[in-house]
Participant: 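Right, I'll just put the structure down here and ask away after.
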Amino acid sequence: MLLTIRSLTKTFPGTRALDSVDFDLRAGEVHALLGENGAGKSTLIKCLTGAYQRDEGELTLDGAPISPQSTLEAQELGIGTVYQEVNLLPNLTVAENLTFGRQPTRFGMVDGRAMRRQAEEMLSGYGVDVDVRRDLGTYSVAIQQIVAIARAVTLSGKVLILDEPTASLDSREVAMLFDVVRSLREQGLGIIFISHFLDQVFEISDRVTVLRNGCRVATDDIAGLERLRLIEHMLGHELEDETREGRHAHVPSDPSERTLHFEGVGRRGLIEPFDLSVGRGEVIGLAGLLGSGRTESAEVLFGIKPTQTGTARDENGEIALRNPREAVAAGFGFAPEDRKTDGIVADLSVRENIALALQARRGWARPISRAEQNRLADHYIDRLDIRTSDAEKAVGDLSGGNQQKVVLARWLAMNPRFFILDEPTRGIDVGAHAEILRLIEEVTADGMSILVISSELDELVAVADRVIVVRDRRHVAQLTGAEVETDTIVRAIAAPDADSDEEAA
Amino acid sequence: QTVGFSQIGSESGWRAAETTLTRQQAEERGIDLKFSDAQQRQENQISAMRSFIAQGVDAILLAPVVATGWDSVLEEAQEAEIPVVLLDRQVDSSEDLYLTAVGSDLVHEGEVAGQWLVDNVGDEECRVVELQGTTGSSPAIKRKQGFENAIEGSDNIEIVRSQTGDFTRTGGKEVMESFLQAEDGGGNICALFAHNDDMAIGAIQAMKEAGVNPGEDVKVVSIDGVPDIFRAMADGDANATVELTPNMAGPAFDALNAYWEDGTTPPKFIQTESRLYTQEDDPEAEYEARKDLGY
Amino acid sequence: MTSRTLPLFATIAIFLIAYLVCYLQFPAMLSTRVIGNLLTDNAYLGIVAVGMTVVILSGGIDLSVGSVIAFSGVFIAVMLRDTGLHPLVVFALLLAVTTAFGAFMGGLIHVLAMPPFIVTLAGMFLARGAGYMLSVESVPIQHPFYEVLKDAYYLMPGKGRLTLLGVAMLLSVAGGMILAHRTRFGTRVFAMGGGAQTAQLMGVPVGLTTVQIYAFSGFMAGLSGVAFSIYTASGYPLAMVGTELNAIAAVVIGGTILTGGAGYVFGTLIGVLTMGLIQTYIVFDGSLSSWWTKIVIGALLLMFILLQKGLLRLGTARAAA
Amino acid sequence: MPRVIQRVLPQLLTLAALMALVSVFFPDFLEITYSDGRLVGPVIDILKRGAPVALLAIGMTLVIATRGIDLSVGATMAICGACSAWAISAGYGLAGALGFAMLAGLAAGLWNGALVAVFGIQPIVATLILMTAGRGVAQLITEGRILTFNHEGLAFFGSGDILGVPMPTLIWVLLGVLVALLVRRTALGLLIEAIGINRRASTLAGINSRVLLIAVYMASGFCAAWAGIVATADIRGADANNSGLWLELDAILAVVIGGNSLLGGRFSIAASLLGAMIIQTIDTGILLAGFPSEFNLVIKAALVLVILVLQSPNLAPRFARIARRRRGTPAAGKLTTREAGE
Ligand SMILES: Nc1ncnc2c1ncn2[C@@H]1O[C@H](COP(=O)(O)OP(=O)(O)OP(=O)(O)O)[C@@H](O)[C@H]1O
Ligand SMILES: Nc1ncnc2c1ncn2[C@@H]1O[C@H](COP(=O)(O)OP(=O)(O)OP(=O)(O)O)[C@@H](O)[C@H]1O
Ligand SMILES: [Mg+2]
Ligand SMILES: [Mg+2]
């Protein structure tokens, strides 16, 4: 056994995040760690790498007891880790991030050329085109994710830990990552893989361990394990109708009913001017590769990066969208892609985070009463199944997926008429995933219009009435009705530049 | 003629008056005055002097913030053949390095104040509280020293409390309040010696508010001779002040003019008078005479 | 020119333009005398600002440096007066003391998880208080070795002096540049400025690095104290009040971001020279009253910062287009 | 225990300990007498002398909650004091004097707020500019002299008293209560905390962070105006050169001793006010104890360090845990340095 964990326990004020968990990792296996949001996966990892101090429990590596007090110590023991949210330094260059702590030196000084060479080598297996001399922060989340993986792979002499590494990657990059993981497995590394994508789990892992509420509920070989059974382990009950029909089959979209119109909105250097009309209760999907300009489209629509061209109007005339406040006033909502920096207000409680946007709209002079806030918080904690010890817990202390739910709750409480969701299910477990899709259905039935950005085409197919394809910062195609199928979307994304006749309406 | 003037700063009304008078005196004599405010920092004064030298002025007036550390810049001035006149405070450099110094003797000021107290209390037991200037500044050190010299022979006079009031009214008032608290509501205090008038004025207010009668219950003696202290004397709240004239530039320009004309070297120290004013000296008139001098 | 170097170039450009403006008004501004003075008169500030740059790059701040410089002056003067030690020995002792003091503050910051602003504020009181306890008065330094140091200058054509102090500052800046931009320690500093938690997860020994950073700042403050003692040949506990704010302003004008993680040591040199230029300009003009001096310094400071912001915005806009 | 009390408990304990310490050196410290219709005693002195720092700390708390800092409050104090003294001498009467001072304070705040929120200059630097230039402006008004006035009405704000309680004390208590009510009874407190913790996310949630930031700096200027009025009224003159000199540092110290994080977010005005009183107790205690003045700074630094150590976020939970263990309740999990959460 390469790595063993025995009766690991970790308590936070008000929460027992891990309750005497056992875990084994063999050399040369990929071991998936599964569980709902807040089950304790990330906590387990952090206790293992010394980022958190555990309360109880023994760790052994290669038969010898270990007790890393810091991540540095863990690195030196040969444990390389990619943490859930990208944990690299945006203000350093890619090369510095990759070689951090082990930069080649000459006469005590960092040898820049050798460092660059080393960094380029580290990245060579991943098929990305990156200038390692540029600041990491200038690259997208996806690139950062890959850099983090490349770094962890190099550091992992014995164990590689990947905490939701694929959350912001598209299928091409996932395939590339899995190639790397497979070759590491062949070299005899032990790999811990955390993901909410069961397909990926089945594709790459040899064994799975399932956590629920901080306890280990099962460890099994993947071969012969049934998908539904696995989900049952995770949720503690069966999942109701996990797979469903795409809804475009049910709701035909009639262009004449569209009430919200954007004409020629765009911004130089970010996204070329595009038109968009939205109908009541309609769900529009935005598909495209990483960096294609989906997020930018959303930011322009929500006034974060104000439009330089074009207008927006509804039945009552033109609407101003110069900043998010005006967008909110116009009845828009926006759940951003990067919840950590753009979404949550970490030190405020779950209650306050949920009430925040509503309060901002009402103005400072009319506070939402405490009772009302409590009611709101309880309602959404219940409805979105937010796992928290109570509504007063700081959002920053919630697990990643639950933070995402809080951000959704904040906007649902506003009951916007046009709700933009950028990667709404990133890092969300299967149960909550289904719950969110159901929720979208519910609110659109009440008349809310939704724009969903997602890298998971299945998800788009499942919810969208219409899909717009974005490529190279341009809206290049629109798929409606029966065209909304995974294959057609993939083809539209990959189509060569024959877009002149296919240009979005 | 162009003259550079490196002033310490504008930390008090007295200094503002000195600046105003220097400008006035320069104007009267048709001298082009280059003024530089060093904001209490010696390094700014040194660099200002160097800039004056680089600019090639005809003379430099320097009111040094501190006594030490002027040798090298004075040497530079000498090499460039620019005479330097020190105003109101001294430096501890060699006398060859500057033309002359105009000022009063800080120790002497303290002695005059102390002597006045000695003369006025007679044989009574007298517990004195002292408001010091900014800790470490040369007026604070020298005035304290002079005062102590003067009362040395009188065993009945004793400094019982001494704290810094930073040369400010607020400081004087705050420290005096705590002195009053500590000394039985002021009943135990016979006299106050303040290193400058501003602190004395603050302390007078503190005494009045505490129901102590300044000038009678507690004798007040201080140094500088700013207009407000004369008004306090006129009101009977203060007893004595030792004047430090802000017109240092007049004698300095006179000395410079003589030097430019025929190379007369003035004496190395031109001492201004440290005159004692008491309530008998028609404080009302003194106030009127001073109130527009830019204090 | 990458987005990273943009602030640096903006700073340099503004400095050169400002110098040109000054020269047009006062041709004497371009003499070697003024240039020599600019280096010598700001040597103490330049040296301490290098330390401050490293601290700010790490996302911290050190308010104690002004007091530490004052303490250093008093320490040296008192030691030379009361003991027979050679100045070089005293310098070594002093640097050991100030470095230890910095390290102590760094340790407190890490162990107590207190913000550097507050810990170094207490340090500022403490260092000045310690200076007072050594001597309340200013103490002159009379030592033959100091004469040697003082007279060590190279007379440039035009009577400008390139002094030992000026050279020491340039060397400090060069050393700081190597330390911050070319060593692993420097990368750790930038990493801490990018985010302490992330840095910790990436394996930065945060505690040790914090101690090292403030120790370095303490060392540079001590060095600056030595320079200042040579400059004024005395020690004075009241000296250098508010120098920390000048140092911070110089660092910021030099294009370093106060929240840490981005900046250049060389920019700090330009920042220091810019501050010196403002001073010199005001003295050359010589017509400002005490209060207008303050207002004009503030206004020029604002102008530099706004110009820099403007240039940056222009630059990024062009890069985006 | 009510939440407010629980929040300020460390500050209360510190203050009590400090008072006990001063009493050792000065036994009559806690004595309060009533004479000539006024309360007299060292404690009353502290409540009165601490007014400027306490007033500054109110505004500073709000600014710090937004993750900013306001170095200009000392200079603003000087400007406002000068304005009030000038207005009273120019015959605008009491209302004019107070009005001009408050306007000047608000204007100073507007300037800072605009630099921070509109031009995006970092708060330390933005306010450093006014810190430098502001004192010049104040001196411009007074022409460098102490602008004295003879107006009992204005002087009342410095040395008057109502029912024996000194006016400065009443002013800071009143303003403190008003501001605390204003931020806690409305949503302002929440919104300020939100932009302090994550300005970007707050803006995306529709908060008008720009206006709010400006308002907060204006509040700080307003508080500084009152501090300036009190200081000026106290000595019946505007001392532009020295009024509020370096007081910004004491105000920041008060906020931090009050347990507020310099990184923004959660704040408590009551705790900051207690912090101001702690600082004033140290200052007055040093004066009363009668040490030579060279020791003032060292004593202050040492006491501040001790207080910081005791209140440190790393040590405080440890003390709390020990206390809890004494009471027999189970201890919470060990928290290292604000653990790296996701
Ligand atoms: N720093 C912290 N302070 C307090 N509670 C915490 C902290 N970090 C995590 N928790 C709690 O511990 C529990 C486990 O969280 P963890 O992050 O391990 O979940 P997870 O399994 O990784 O979930 P996800 O899939 O959403 O990432 C959650 O209930 C969370 O609220
Ligand atoms: N594979 C890549 N190689 C180089 N640069 C990339 C790559 N992917 C993205 N980028 C860069 O990242 C920047 C930001 O992309 P952004 O994330 O905003 O786009 P997006 O369409 O919203 O994609 P997603 O939301 O899936 O991450 C773009 O400027 C792009 O140049
Ligand atoms: Mg997790
Ligand atoms: Mg995106």
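On a predicted model such as this, the values are computed, not experimentally measured, just so you know. Reminder, nothing fancy here: chain letters follow the sequence lines and each chain counts from 1.
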Participant: Tell me, for D:D234 versus chain B, whether the close heavy atoms (under 4.5 Å) come from the side chain, the backbone, both or neither.
Facilitator: both
Participant: Using a cut-off of under 4.5 Å on heavy-atom pairs, state which of B:A182, B:A16, B:S10, B:G13 scores highest against chain D.
Facilitator: B:S10
Participant: Do B:T164 and B:Q132 get their side chains close enough for a donor-acceptor pair, meaning under 3.5 Å?
Facilitator: no
Participant: By a 4.5 Å heavy-atom criterion (distance strictly below it), what part of D:F29 contacts chain B: side chain, backbone, both, or neither?
Facilitator: neither
Participant: Does some side-chain heavy atom of B:M207 sit less than 4.5 Å from a side-chain heavy atom of B:L192?
Facilitator: yes
Participant: Among B:T19, B:T135, B:L180, B:T20, single out the residue with the greatest number of heavy-atom pairs under 4.5 Å to chain D.
Facilitator: B:T135
Participant: For chain D, find which of B:G202, B:G185, B:S178 contributes the most heavy-atom pairs closer than 4.5 angstrom.
Facilitator: B:S178
Participant: In terms of heavy-atom pairs under 4.5 Å, which option from B:G211, B:G9, B:S12, B:G136 contacts chain D the most?
Facilitator: B:S12
Participant: For the interface with chain B, which of D:N296, D:T142, D:V40 has the highest count of heavy-atom pairs at distances below 4.5 Å?
Facilitator: D:N296
Participant: Out of B:N188, B:L131, B:I189, B:V129, which one pairs with B:R161 under the side-chain contact (heavy atoms from CB on, under 4.5 Å) rule?
Facilitator: B:V129
Participant: Does D:L273 offer a backbone N or O that forms a donor-acceptor pair with the side chain of D:W172 under 3.5 Å?
Facilitator: no
Participant: Can you tell me if B:Q205 and D:S159 form a side-chain donor-acceptor pair at under 3.5 Å?
Facilitator: no
Participant: Any sub-3.5 Å donor-acceptor pair from D:T169's side-chain atoms to D:V165's backbone N or O?
Facilitator: no
Participant: Could you tell me which portion of B:D198 (side chain, backbone, both or neither) has an atom closer than 4.5 angstrom to a non-hydrogen atom of chain D?
Facilitator: side chain
Participant: Would you tell me whether B:Q163 and B:E130 have side-chain atoms, one donor and one acceptor, within less than 3.5 Å of each other?
Facilitator: no
Participant: Go through D:Q139, D:R236, D:R49 and name the one with the most non-hydrogen pairs under 4.5 angstrom from chain B.
Facilitator: D:R49
